[in-house]
*Asks:* 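Below are the structure tokens for one structure; questions will follow.
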Amino acid sequence: MKRPVVDISDCTRCAGCYDMYPELFELNDVGYVATVERDCYPEDEVDDAIKHCPQDCIIWEDV
Ligand code: SF4
């Protein structure tokens with residue numbers, strides 16, 4: 001399985017990913033963008049979020 005991961009060192013919290021896909025990305029309790037815990041992640045939506053992230057800080061990670 002693979003899941004999207006946000007590199008918070010480059011993320012500017014522009015809100016693009018969690019506005020577009022709130023079922024996939026969220027602001028966590030300490031104010032950083034994180035991936036929502038799910039059993040699986042839809043490839044097309046994640047690829048779209050990756051494409052639109054202005055910081056290129058969303059990547060797929062094998063888990
Ligand atoms: S789109 Fe990219 S830069 Fe913007 S909040 Fe999401 S991960 Fe951060």
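First listed ligand is number 1; within each ligand, the first listed atom is number 1.
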*Asks:* Only one of Glu37, Glu43, Glu61 clears salt bridge (Lys or Arg N to Asp or Glu O under 4.0 Å) with Arg3; which?
*Replies:* Glu37
*Asks:* Should the heavy atoms of other residues, nucleotides or ligands under 6.0 Å from CG of Asp19 be counted, would the total exceed 12?
*Replies:* yes
*Asks:* Over all heavy atoms of both residues, which pair between Ile8 and Val33 is shortest? Give the atoms and the distance, please.
*Replies:* CG2-O, 3.6 Å
*Asks:* For distances below 2.8 Å, what is the count of protein N, O or S atoms around atom 8 (Fe) of ligand 1?
*Replies:* 1
*Asks:* Find out if a path of hydrophobic residues (ILVMFWY) with successive side-chain heavy-atom gaps under 4.5 Å connects Ile50 to Met1.
*Replies:* yes
*Asks:* Does Tyr41 use its side chain to pair, donor to acceptor, with the backbone of Thr35 at less than 3.5 Å?
*Replies:* no
*Asks:* Just to verify, what does Tyr21 make a side-chain hydrogen bond (donor to acceptor under 3.5 Å, both in side chains) with, not counting sequence neighbours?
*Replies:* Asp48
